[in-house]
Protein chains: 2
Amino acid sequence: MTDDDEHDSHIYLDTAASTPVADEVIAEMLPYLKERYGNPSSIHKFGRETTRAINLARKRVAEMIGASSSREITFTSGGTEANNLALKGTAMHVKSKMPEKNMIITSSIEHDAVLEPCKDLEDGGFVTMHLPVTDEGFVRPSELKNVISDNNVALVSIMYANNEVGTIQPIKELVEIAHQAGALFHTDAVQAAGKLPLNVKNLGVDMMSLSSHKINGPKGVGALYIRSNLKILPIIHGGGQEWYLRSGTENVPGIVGFGKACELANKRVGQYQEHVAGLRNYLVERVLKEIPRSRLNGLRTERIANNAHFTFFGVNGEDLIIKLDENGIAASTGSACSVKKQKQSHVLKAMGFSYEEITGSLRLSLGMHNTKDEVDRAVDILSSVIKELRELSPFESKYVAEMG
Amino acid sequence: MTDDDEHDSHIYLDTAASTPVADEVIAEMLPYLKERYGNPSSIHKFGRETTRAINLARKRVAEMIGASSSREITFTSGGTEANNLALKGTAMHVKSKMPEKNMIITSSIEHDAVLEPCKDLEDGGFVTMHLPVTDEGFVRPSELKNVISDNNVALVSIMYANNEVGTIQPIKELVEIAHQAGALFHTDAVQAAGKLPLNVKNLGVDMMSLSSHKINGPKGVGALYIRSNLKILPIIHGGGQEWYLRSGTENVPGIVGFGKACELANKRVGQYQEHVAGLRNYLVERVLKEIPRSRLNGLRTERIANNAHFTFFGVNGEDLIIKLDENGIAASTGSACSVKKQKQSHVLKAMGFSYEEITGSLRLSLGMHNTKDEVDRAVDILSSVIKELRELSPFESKYVAEMG
C-alpha cells in the first residue's frame, strides 16, 4: 500500500501544526492562479483586478479581528514574518525615537517565532525579559505588573493562546498593564484565530499576528494587524507594497485564500467551538478514563477548542507519535517547528515539568474535519499503543519498582 | 461587457511584471492545496510527504541554475525577500567578522528591492556606492574596477538583466573583479531566469536571487542561491526552517509550483529564446518602421528575449498605457513596483534620459503565451493610439514648432 492509498484512512489530529485548506478557499484562489495573474502594482486591467482581490481579502481579515479599518492589516508571508515585523519593526522604530526604552517583555512559553527575534534584538542592544508561567502555562498579570514599573519597556509580546498546551492568556488585562507603563502590546494570535472570537479593539492590543494555514487557509501567507497611527519600520525593503511596510509582489492567490479563510473562520467560530471542543472534551474524557497514568496538561477552561495535551507516564512521546503514525494517526509531541531542532519543549520546561513528564507528552489537536468515529478509533489505537510501549519501556520497570 | 468577458481578448504584454502560471505548475500544486496539507516540520506521514515535495522542488531550482547541491537553495517568499536576505544577511555577517569591510557596491539601475535594502544598510553604518551605466543601461566592468581597489568592500550586487530595458550585464567579468578585491558577489537574476541559461558555477556568483512568478510559477515564492560554505545571517527568525536561514512554515504549494516552473523554464529556455525573442524582434521591427519618432532603448544584442522598451517622442507614457488598456493591451511604462511611488524611472535617469525621453517610454514584455497575431494587433493598436495621443499632446506642438 502506498502513502496515497492510505491517505483517506489516516486520522489527522495535528491542526495546531497545519490544517486542510477549505474547499471554498481553494475555489476562490484558483482564478488567481489561472487567468487573473496580473501584478497588483500594474495599472492595467490585470493589475486592477488583483488589487481589488487584495482589497477584499484585507477587508475580510480586518472583519475577523474587529479592526476599525482594512488599513490596519499588513499582509506577510505568514505568522513568523508577522511576529518578526511586529517585534523588530517596533523595536527599531522605538530605538530611533526613544532610545531609553530598550526593554522587551515576553513570556517563557512563546513560539520560537517570537523568542528568536527577541534574541536577535538582544544582539542589537535590547534587553529581553521572559515572564514565568504557572504549571498550567498561564501568564499571571501580576507577574507583568511586578516587572514593568520602570517605564523603559518598548514592547510587551504575549501570545493569545499557546501552541503546545492551548492555554489562553488574559490579554486584555496584560494590555492594560503594559499601556499604563507606556509600553506597546503585541500578541501572537496564530493559534487563537478561528478558535476564539477575536476583537483587537476590545482587547486593546496594538499589534496582532495571524497565520492563514492554521485556519484552513493556504500556507505562505499571514498578516500583522497594526493599530491606526502606530508607526513601525519595515524589515523587508523594496517596491513599497503593503503601505511601505512589506515590499515584494503580493502573493495574490495566497492572500485571496487567506481572506476567504478569515471570512469562514469568523462566521463559524461558534460552530467550531461546539463541534471541535465537543470532540476534544469527549477525547479527553475517554483518554483520562481508559488510559492509566495519563494526565491532561494546561488549563481546563481557558483553553482553545482544538487542543488536548497529555502526559503519559512511562512512555516516550517520540516513540508514541511514530507508533501512532504507523497506525494511521497524525499527532505531535508539541510544536512542529521545534522538531528539527530536536530540543526539549521550552514550554513544558517553563511549566515546571520534569524530564519524564516532558518525554511522555503528546499533543492531539482537532479540527472541523474530525468526527466522533475518528476520535473513538484514535483513542482505541492510542490506548493499545501506549500499553505496548509501556511493556517495552525502561521507564516502566523503574515506575513499577518505585511503586513496588 | 464586464472585465471577465474581456479577459480572453486582452493581449498581455507585461511578463516583466508577472506571468501566467503554467497549467503543469498548477497541476503539481493542487494536491498540496488539497489532501497534502501537512506541516513539513511534522514527523508523521503528512509532514514527510510535504518534506519530500520541498526536496524535489529544491533539486529542480538547483538544476535550473547549475548549483552543485540542493543545499545551496534557500526558499523565500519571493525575489524581494531573496534580495533583502542576500544584502542584509551578508552585510550583517561581514560586519560581525570584518567590521572594516563596510562598503557595498551596486549599480544605479537595480530594482528597488536592492536599492532600498542598501539604504537601510546605510542607516546601519554601511556605505553604498552606485555604479553608473551607459546610455544603454550597461554596467562597464571598468567602472567596478576603478572603485573597488580599496579592499573594504563587503559585497557587490549587480542585477543579471534589467527589469525595465532588459540589458544583460557582464556578470562573469564583474564577479572576477569583485573576487579579486576580496568582495562577495550577489546577482538579482529575477528577470534573467527562464530567459537565459543560468549557471552559478560558470558565472562564479556567491548568491543569486530568483522569483517564481516571473517564470510562470505562482506568486509568493522565490529563492536565494547561496554558495556552499558561505555563511550569511537570517533576517526572519523563528523555528529554524530553511537551514536556519528563513524561519516560518514553508509555503508548500508555492514551493512545489516554483520547482515545477524551474523545471519547465530550464527545459524550454532554447524554445523560449526562439519563440519570444522571435516575436519581440518582429515587434521591434514593425514599431520602428511604422511608428514615427520611435526609438528602441537598451542594447540590441545583450538583451533578454522578452523585453522591448521604446521611447515615443511627443507622447506621455502614462496616457499611452491607459489608452492601450482601454484598447485591450496590458503594457507598462517600466517597473510595476514603482507605480505606487509615482516617481520617474531611476533606471532611465541613470541612462541619461531627458524628461521627455522618460515620459514617452513604454515597456512591452512578451511571453510564451503570445502569438504573432497578437503582436500584429498590438502594433496596429499602438500605432493608432500614439497617433491619436500625439494629436492631443502639448509636446506635439512644441516638437513641430522646434522641427518647424
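Just so it is clear, the values below take in all heavy atoms, side chains as well, and ignore hydrogens, waters and symmetry mates. In what follows, chains carry the letters A, B, and so on, assigned in the order in which the sequence lines appear, proteins first and then strands, with residues in each chain numbered from 1.
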*Test item: Arg48(A) and Asp325(B) side chains (from C-beta on) under 4.5 Å apart, heavy atoms*: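 They are in contact (side-chain heavy atoms under 4.5 Å apart), so the answer is yes.
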
*asked:* Is there a side-chain contact between Glu81(A) and Arg246(B) in this structure, where contact means two heavy atoms from C-beta onward sitting under 4.5 Å apart?
replied: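 Yes. Closest side-chain heavy atoms under 4.5 Å.
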
*Would you mind checking which part of Leu324(A) comes under 4.5 Å of any heavy atom in chain B, side chain (CB onward), backbone (N, CA, C, O), both or neither?*
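For Leu324(A), neither part sits under 4.5 Å from chain B.
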
*Proximity breakdown for Ala331(A) and chain B, heavy-atom pairs closer than 4.5 Å*: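 Just its backbone gets close to chain B.
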
May I ask you to name which of [options] has the most heavy-atom pairs under 4.5 Å with chain B?
| options | answer |
| --- | --- |
| Leu33(A), Val21(A), Asp23(A) | Leu33(A) |
| Ala22(A), Gly38(A), Pro218(A) | Gly38(A) |
| Cys118(A), Pro253(A), Pro117(A) | Pro117(A) |

*asked:* On a heavy-atom basis, which atom in Lys219(A) and which in Asn251(B) lie closest, and how many Å separate them?
replied: O-OD1, 3.4 Å

*Heavy-atom pair count under 4.5 Å with chain A, highest-scoring of Ala330(B), Gly78(B), Gly222(B)*: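 Answer, by heavy-atom pair count under 4.5 Å with chain A: Ala330(B).
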
*Highest number of heavy-atom pairs under 4.5 Å with chain A: which of Val25(B), Val114(B), Ile236(B)?*
Ile236(B)

*Which answer fits Leu30(B), side chain, backbone, both or neither, if we ask what part of it has an atom under 4.5 Å from a heavy atom of chain A?*
side chain

*Side chain, backbone, both or neither of Thr19(B) within contact of chain A (heavy atoms, under 4.5 Å)*: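 For Thr19(B), the contact with chain A is made by the backbone alone.
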
*Under 3.5 Å: donor-acceptor pair, side chain of Lys34(B), backbone of Ile26(A)*: no

*In Å, rounded to the nearest 0.5 Å, how long is the span from CD of Glu116(A) to OH of Tyr244(B)?*
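With rounding to 0.5 Å, CD (Glu116(A)) is 8.5 Å from OH (Tyr244(B)).
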
*Do you know which of Asn83(A), Asn84(A), Thr80(A) makes side chain to side chain contact (heavy atoms under 4.5 Å, CB included) with His237(B)?*
Asn84(A)

